[in-house]
There are 2 protein chains.
Amino acid sequence: MRTTIRDVAREAGVSIATVSRVMRGSASVTEPTRERVLAVAQELEFVPSQLGRQLAERRHAANGIVFPDLSGPYYAEVVLGYEAVAAELGRSVLILSTHGRQDADAKVLEMAERCDGLVILGRTVGDTTVERLAKRGVGLVLVARPAIATADSVNVENRDSAVALAEHLVARGARDFVFVGDPDGSSEFAERLEGVEEGFRRAGSRRRSLALAARPTEEAGAAVADSVGGVDDLPDAFVCANDELALGLMARLGERGIDVPGDVLVTGWDDVMAARYAGLTTVRQPMRELGGTAARLLDELINGSRSEPRHEVLGTELVVRGSTLGKEHA
Amino acid sequence: MRTTIRDVAREAGVSIATVSRVMRGSASVTEPTRERVLAVAQELEFVPSQLGRQLAERRHAANGIVFPDLSGPYYAEVVLGYEAVAAELGRSVLILSTHGRQDADAKVLEMAERCDGLVILGRTVGDTTVERLAKRGVGLVLVARPAIATADSVNVENRDSAVALAEHLVARGARDFVFVGDPDGSSEFAERLEGVEEGFRRAGSRRRSLALAARPTEEAGAAVADSVGGVDDLPDAFVCANDELALGLMARLGERGIDVPGDVLVTGWDDVMAARYAGLTTVRQPMRELGGTAARLLDELINGSRSEPRHEVLGTELVVRGSTLGKEHA
DNA sequence: GGTGCGTGTGTAAGCGGTTTCAGAAACCGG
DNA sequence: CCGGTTTCTGAAACCGCTTACACACGCACC
């Protein structure tokens, strides 16, 4: 930072207060003075320091977003939706990926010092950290994480679509399934599992078993495929907690000569781009909208235009593709 | 921000200077004093204001990254790679997507006021803006954009892989091709086109025509497929400027009953996740690494550990899949 | 021709830290 | 026991901006 407000003031023969007023148009200044100041500012290439401004105003005009990992397409989409809206609202966006770091909580706390508010995706930080942030007065929006009383939240509807998915599978002849994904790792996953179980139950079926995948990745999905003994060892369907698991699983099954959907049905969750090309039946989530909604809620929170916390739930949609349809449709 | 350094100082019976020294461990303080201050800080839940700190230190400890649009998987990957490294280096990351906004330049200039340096991807802002930033002394790293003398840059090798791609196509029997993508919209695309042309030329072939796609999206790719008259109207190969064009094109060709690779070969660029599942031949770019390298260069720039600008070029790799291979391999 | 008010501008006190400088205290060898 | 260091600590000056407050001025009004 070179030229400051004082340089401009001196050069224009006015006080710094006047320069400030001109620069932000906050109070009336006579036209000639205004013009002179603007001319000098222009000439000196004066750009007001955001730092000085922020300190004086005690606000950052920025908000953050915390996500576990951008590796998958899911979070990238949410972040994009968030950025788009936040930028529109004139706020800078800080991002922080925790990718399983130990010091995630500290990092988030630190980031909170640079923002007026932040959005937290999933189980990136502990509850105590969230509580502390809330107490500190930072605007808080929780996404894909169980709602709490002191913060806003945005979630997607998981149960209903899970039931719908189960009904579809039953209609396609499935009587049992294996859930691929760790329900303890994510409240979302847990809801999905419950919903699918309920759907099967309603149809009078029994659940066969539960496959725990450590992380929701393609590799983990492939590993599950490897663990299958053979065609006789298959359930009627693999219900995967997200698309990446399903894609990894399906690809490896194919390599092993196991036919989808002939030998086993496979479903995912999220409807990422690759799911379309792989012909994967899945549940579409409005990822962009998830981020956008979070941005809007956060803005309301920060501007104090609302005191009661709000909890939004966005709808989802079953998308049926080849991985659960007979070949004639694939 | 509630409790300040002065509150702690008062409570601990020391001066603010001492508190500052304790908090940042910058100078020696006797053990008893140190402990007392820390105890009080803990009790009062004192968290030093980043704003105050930044203003005093005249640095932001943050850097930004500007990209056109996060819609595609490409930029998301680059941003992720960037974030991972930047976070490791202890810097906050600001993101800004220009998605064709008119005020992009202004937004970038504004963002520069919040960062010690920034990374600019592609043709997001005009050259004059870049010049101005450089003159202002912000650290600057250009990615996927022609290098300039006053800033660092990171690019991928386009020509060689383009030639390799062309050779592969020729080996598969192609004698002409249509390039899908706007070479005027991106220097990268232009390089790719030139490389492919050269490869075909070396093999003694003539280029057939140039399809201009407005934006590098799946929709635009599909539109190109729609514009094809019929099987007789096809080139030997569609060389697409990126994977999304190729995927959109290939999908729509399939819908129209045109066989890939039987009737026409199709290639993309980037190797995004969906390309694997669609069996698309493409050129793999080290997207994560692109972002990571940019982060490291920027860090060096900011820490002043280097004065000469550096220009990195990362390698790429041809990935051959079903879209250019006979069915027997697909 | 005073009183009263509205307007434009300057002064100065913050915002919450860091850091220079100098003085006080503790330590050293002679 | 003393002068010279070394080590701690505090006062105060910033960093660059916003804004409350005061003041001067010009004008309409009675």
Side-chain angles (χ1 to χ4, degrees), chain A residues 1-38 40-41 44-62 92 109-110 112-116 136-138, chain B residues 1-38 40-41 44-62 92 109-110 112-116 136-138:
Chain A
M1 197 59 20
R2 210 72 43 77
T3 77
T4 76
I5 199 173
R6 287 167 228 276
D7 298 328
V8 179
R10 185 175 352 96
E11 201 69 18
V14 298
S15 75
I16 59 169
T18 299
V19 177
S20 173
R21 289 191 266 254
V22 170
M23 293 313 288
R24 60 201 333 263
S26 56
S28 51
V29 172
T30 34
E31 195 50 29
T33 321
R34 211 181 90 81
E35 276 171 13
R36 186 150 35 91
V37 170
L38 282 178
V40 173
L44 268 48
E45 294 190 4
F46 170 63
V47 184
S49 152
Q50 291 293 329
L51 239 38
R53 200 168 254 190
Q54 287 163 28
L55 184 56
E57 293 180 344
R58 276 128 105 218
R59 60 183 225 114
H60 301 263
S92 294
L109 253 16
E110 187 193 317
E113 281 304 302
R114 305 169 149 272
C115 304
D116 303 316
R136 220 197 261 178
V138 233
Chain B
M1 199 57 23
R2 211 71 44 79
T3 77
T4 76
I5 198 172
R6 290 166 222 276
D7 298 327
V8 178
R10 185 175 353 96
E11 202 68 18
V14 297
S15 75
I16 59 168
T18 299
V19 177
S20 173
R21 288 191 267 254
V22 170
M23 293 312 288
R24 61 202 331 263
S26 56
S28 51
V29 172
T30 33
E31 196 49 30
T33 322
R34 212 182 91 79
E35 277 172 12
R36 187 151 33 93
V37 170
L38 281 178
V40 173
L44 266 50
E45 294 190 4
F46 170 63
V47 184
S49 152
Q50 292 293 327
L51 239 38
R53 200 168 255 190
Q54 287 164 28
L55 183 57
E57 292 180 344
R58 278 127 104 215
R59 61 185 223 112
H60 301 262
S92 293
L109 252 16
E110 187 192 318
E113 281 304 302
R114 306 169 149 271
C115 304
D116 302 316
R136 220 196 263 179
V138 230

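Rounded to the nearest 0.5 Å, atoms CZ (B:Arg34) and CZ (B:Arg21) are 14.0 Å apart. Between B:Leu51 atom CG and A:Arg114 atom CZ the span is 9.0 Å, to the nearest 0.5 Å. Note that OG1 of B:Thr4 is 9.5 Å distant from CG of B:Leu44, once rounded to the nearest 0.5 Å. For the atom pair A:Leu55 CG and B:Gln54 CD, the distance stands at 10.0 Å (nearest 0.5 Å).
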Only pairs under 3.5 Å count here: list side-chain donor-acceptor contacts from residues 8-17 of chain A, not counting sequence neighbours, and write none if there are none.
| unit_1 | atom_1 | unit_2 | atom_2 | d |
| --- | --- | --- | --- | --- |
| A:Arg10 | NH2 | A:Asp7 | OD1 | 2.9 |
| A:Ser15 | OG | A:Ala17 | N | 3.4 |
| A:Ser15 | OG | A:Thr18 | N | 3.4 |
| A:Ser15 | OG | A:Thr18 | OG1 | 3.4 |

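Residues A:Val47 and B:Arg136 approach most closely at CG2-NH2, 3.8 Å, considering heavy atoms.
For A:Glu113 and C:dG16, the CD to P distance is 11 Å, given to the nearest whole Å. Distance A:Arg59 CZ to C:dG16 P: 16 Å, rounded to the nearest Å. One interatomic measurement links the two molecules: CZ of B:Arg114 to P of D:dG16, which rounds to 17 Å at whole-angstrom precision. The distance between atom CG of B:Asp7 and atom C1' of C:dG17, rounded to the nearest whole Å, is 13 Å. In this entry the distance linking CD of B:Glu31 with C1' of C:dA26 reads 17 Å, nearest Å. Distance, A:Met23 CE to D:dT19 C1': 17 Å, rounded to whole Å. One can place CG of A:Leu51 at 13 Å from C1' of C:dT18, the figure rounded to the nearest angstrom. The distance from atom CD of A:Gln50 to atom P of D:dC17 is 10 Å, rounded to the nearest whole Å.
Applying the side chain to side chain donor-acceptor pair (under 3.5 Å) criterion to B:Arg58, with sequence neighbours excluded, gives no partner residue. Residues that satisfy the side chain to side chain donor-acceptor pair (under 3.5 Å) test with B:Thr30, not counting sequence neighbours, are B:Thr33.
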Scoring nucleotides 9-15 of chain C by protein non-hydrogen atoms under 4.0 Å (B base, S sugar-phosphate only, - none) yields BBB--BB

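Side-chain N/O atoms of B:Ser20 include one lying less than 4.0 angstrom from OP1 or OP2 on C:dT18.
In this structure, the helix from C:dG1-D:dC30 to C:dG30-D:dC1 shows an angle of 40° between the axis at its start and the axis at its end, each fitted on 5 base pairs and rounded to 10°.
Applying the salt bridge (charged side-chain N to carboxylate O under 4.0 Å, His left out) test to pairs two or more places apart or on separate chains, none has a residue in residues 46-56 of chain A.
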